[in-house]
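Since the structure comes first, as C-alpha cells, the remarks are kept for the end.
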Amino acid sequence: MKEALAALLLLWGCGASGPLVAWHGRSPDGLHRVAVVEGDGVQRLIVDGRELGEWEAIGFDHVIWAQSGIAAPVKEDGAWHVFESGTLGPPYEAVGELSATPAGVVYAARDGAGWHVVVDGEPGPPFRSLRAGSLVVRRGRIAYVARGARGEHAVVDGRVGPRHRRVERLSFAGKGERAVYVAYDEDGARIVVDLTPGDIAEAVHELAVSPRVPRWAAIVERNGRLYLDHDGSRAEIPRGARELALSTDGAHVAWVVPSGEGVNVWRDGEPGARHVDIRHLTFVPGGDELLYVAEAVDGHRLVHDSGSSARFDRIEPPVVSASGHWAYVGHRNAGSVLVVDGEVRFRGEWSSSPVLGTTGDGWAAVTRHGARRHVVTARGTTEIQRPFVDTLVVDAEGAHWAIVVAAPSRQLRVVVDGRDVAALEVDEIAAQVTIGRDGLSATRDIVRSELVRATRASGR
C-alpha cells in the first residue's frame, strides 16, 4: 500500500505546482495556507492570500507554525533573520532549523563566533556546529547537542555540560524536570543526569526515561557484568539482558534474559514466564501492566497481565496509547483478529493494525472481506472504496477518523467519518518531500488537518 501511494504521488504530483510557486503548505490545523512565490529576483511569503513581505530568499525548508503565527528564515541585505509575528530578528550569517515552543520560536543561527541556539532573541554559547535534530524542548526547558573542536557537549537551558567524545540519547525525564543522556569517551560510557556524569562503565546498552516523572533506568556493563541502574540504584542482572522497558510512573522495570534455548521476561528483578523468544516488550501507559509478543513452538501469543491470547501464526507489533489503551492484530491461516483492550472487535479475512486516540478510548482500523473494505471503530462499521490503508488517522479522542481513497475520477480524496470532504493536494505533499519530509508522514498530516477542519465545521 505504501508503494502504491508513493507511485500515485509521483505520477500526480509532477508538474502540479506553477513555475512561480517555490513551495507551499498549510498550518497543522489546516486552517491557514502558506506559499513562497518567486518573481523579479525576490521571494514573497504569502499566508491566506495576503503577502507578509518580500526578501532576497526565504528558507522554506525551515518554515514552522508558532502560537503567534508563521515563522521563517528570510534573507535581507545579505544577512539571514527569523521573521516572526511580523518582525525580523537579529541578523546572522545563516539560520538553521526552527522549533516552536509555548514561549516563542527557538532556532539555530551562525555568526562570526560560531553556531548558537537562539532563545527569546538571545543567542546561547557559540560552537563549531550543532547536531541537526538534537533539539529537545519539554515544558519550557531546552536541550541540544553541540560540537566543539575537541568533542561534544550537551547544553541544557544555556548551561554547557562536560566535553565528551560523543553524546547520545539526550532527553528529558518527566515533564522537563531532569535531563538524561549517555556520554561516550575513550575510557568507556556513562549516564549523565542534569549535566552530572555518573560512574564510568564499559557500555550503556539501553536507556529508558519516563515521560511523566523524572525517573530513568538503564542496562550498563561494568567489569564484564551487567547491572540495572534505576534512578542511581544499582543491581546486578543476568548476562544477555535486553529490551528494557520502564513504566510511565518510573516505578517498574522489565527486561528479557536468555534462558536455555529460550528467554525469560524479568519484572522488577524477578524472573517470569519462559518463551522461545519475546518481542515488543512494553508497559501499558498509566500503570504497571506488561505487554509483549511471545513466540512458542506452536506460534505466537500476545501476553498481557490479564492473560495470554490464542495462538496466531503472526502478530503485528501491538500499539498502545498515552491514555492507557492497547490493541493488536493477530493473523492465522487466512484470517485476522483485531483485539482492543483485551476484547475481540473484529474477526474476519484481514485487518490492519488499529490507530488509537491519544487522549480517549476511541480507535479505528481498516478491514477486508473479499473485494469489500470497511473502516471499523468502536461506534460501528463503514464501507469504503479503494482506501489507502496507511493514511488512516483518528482525532485525539479517537471519536472521528479520516483516510485517503482513490476516487473513480482518478483523484485522491480525503474521507472523514465516511463523508468525502476534500481532494488530497498531492502537489502539497510533493512540496513537503522537497524539504526532506517523508511522503507518508506528510500525507497523514494533511489528512489529519482535513479531519480537524471537517469536525470543526460540523460542530462534532
Exercise. Which atom names give the shortest non-hydrogen contact between Leu392 and Val355, and what distance separates them?
Worked result: O-CG2, 3.7 Å

For this session: Consider only side-chain N and O atoms of His275 and Glu295, and report whether a donor and an acceptor are under 3.5 Å apart.
Result: no

Exercise. Does NZ or CZ of Arg110 fall inside the cone over Tyr92's six-membered ring, less than 6.0 Å from its centre and within 45° of the axis?
Worked result: no

Exercise. Side chains of His116 and Asp111: is there a donor and an acceptor less than 3.5 Å apart?
Worked result: yes

For this session: Salt-bridge test for Arg314 and Glu316: reply yes if a basic N is under 4.0 Å from a carboxylate O, no otherwise.
Result: yes

Exercise. What heavy-atom pair brings Val156 and Leu195 nearest, and what distance separates the two atoms?
Worked result: CG2-CD2, 3.8 Å

Exercise. What are the two closest heavy atoms between Trp266 and Pro238, and how far apart are they?
Worked result: CZ2-CG, 3.6 Å

For this session: Mark yes when over 12 heavy atoms from residues, nucleotides or ligands other than Asn223 sit less than 6.0 Å from its CG; otherwise mark no.
Result: no

Seminar exercise, completed: Heavy-atom closest pair (Pro387 atom, Val405 atom, distance to 0.1 Å) is CA-CG1, 4.0 Å

Problem set entry | Closest approach of Arg222 to Glu202 (non-hydrogen atoms, all atoms of both residues) | C-OE2, 3.4 Å

For this session: Salt-bridge test for Asp231 and Arg215: reply yes if a basic N is under 4.0 Å from a carboxylate O, no otherwise.
Result: yes

Exercise. How close do Ser449 and Pro28 get, heavy atom to heavy atom, and via which atoms?
Worked result: CB-O, 3.3 Å

Exercise. Can you check side-chain hydrogen bond (donor to acceptor under 3.5 Å, both in side chains) on Ser259 and Asn264, steps first, answer last?
Worked result: CA-CA 6 Å; Ser259 174; Asn264 281 97; 2.9 Å; yes

Problem set entry | N/O donor-acceptor pair under 3.5 Å between Ser134 side chain and Val145 backbone | yes

Exercise. Does a side-chain heavy-atom distance below 4.5 Å link Trp255 with Ile237?
Worked result: yes

Exercise. Should the pair Asp199-Arg234 be classified as a salt bridge under the 4.0 Å nitrogen-to-oxygen rule?
Worked result: yes

Problem set entry | Qualifying residue, where the test is side chain to side chain contact (heavy atoms under 4.5 Å, CB included) with Leu302 and the options are Trp326, Tyr292, Phe312 | Trp326

Exercise. Do Glu428 and Arg26 sit within salt-bridge range, that is, some charged N less than 4.0 Å from a carboxylate O?
Worked result: yes

Exercise. Going by atom types alone, do Thr359 and Glu397 pair a side-chain donor with an acceptor below 3.5 Å?
Worked result: yes

Exercise. With a 4.5 Å limit on heavy-atom distance, are the side chains of Tyr107 and Val95 in contact?
Worked result: yes

Exercise. Is His230 reaching over with its side chain to a backbone N or O of Gly250, donor-acceptor style, under 3.5 angstrom?
Worked result: yes

For this session: Test the Arg169-Tyr181 pair against the cation-pi criterion, namely NZ or CZ under 6.0 angstrom from the six-membered ring centroid and within 45° of the ring axis.
Result: no

Exercise. Checking salt bridge (charged side-chain N to carboxylate O under 4.0 Å, His left out) for the pair Glu168/Arg166: CA distance, chi angles, key distance, verdict?
Worked result: CA-CA 7 Å; Glu168 298 286 351; Arg166 192 169 81 254; 3.1 Å; yes

Problem set entry | Within residues 372-382 or reaching into it, pairs that qualify as side-chain hydrogen bond (donor to acceptor under 3.5 Å, both in side chains) - sequence neighbours excluded | Arg372-Glu383

For this session: Verify the neighbour count for atom CZ of Arg159: are there more than 12 heavy atoms of other residues, nucleotides or ligands below 6.0 Å?
Result: no

For this session: Identify whether the distance between the nearest side-chain nitrogen and carboxylate oxygen of Arg301 and Asp298 falls below 4.0 Å.
Result: yes

Exercise. Hey, are Asp445 and Arg437 close enough for a salt bridge, meaning a charged N less than 4.0 Å from a carboxylate O?
Worked result: yes

Problem set entry | Carboxylate-amine/guanidinium contact Asp185 Arg150, below 4.0 Å | no

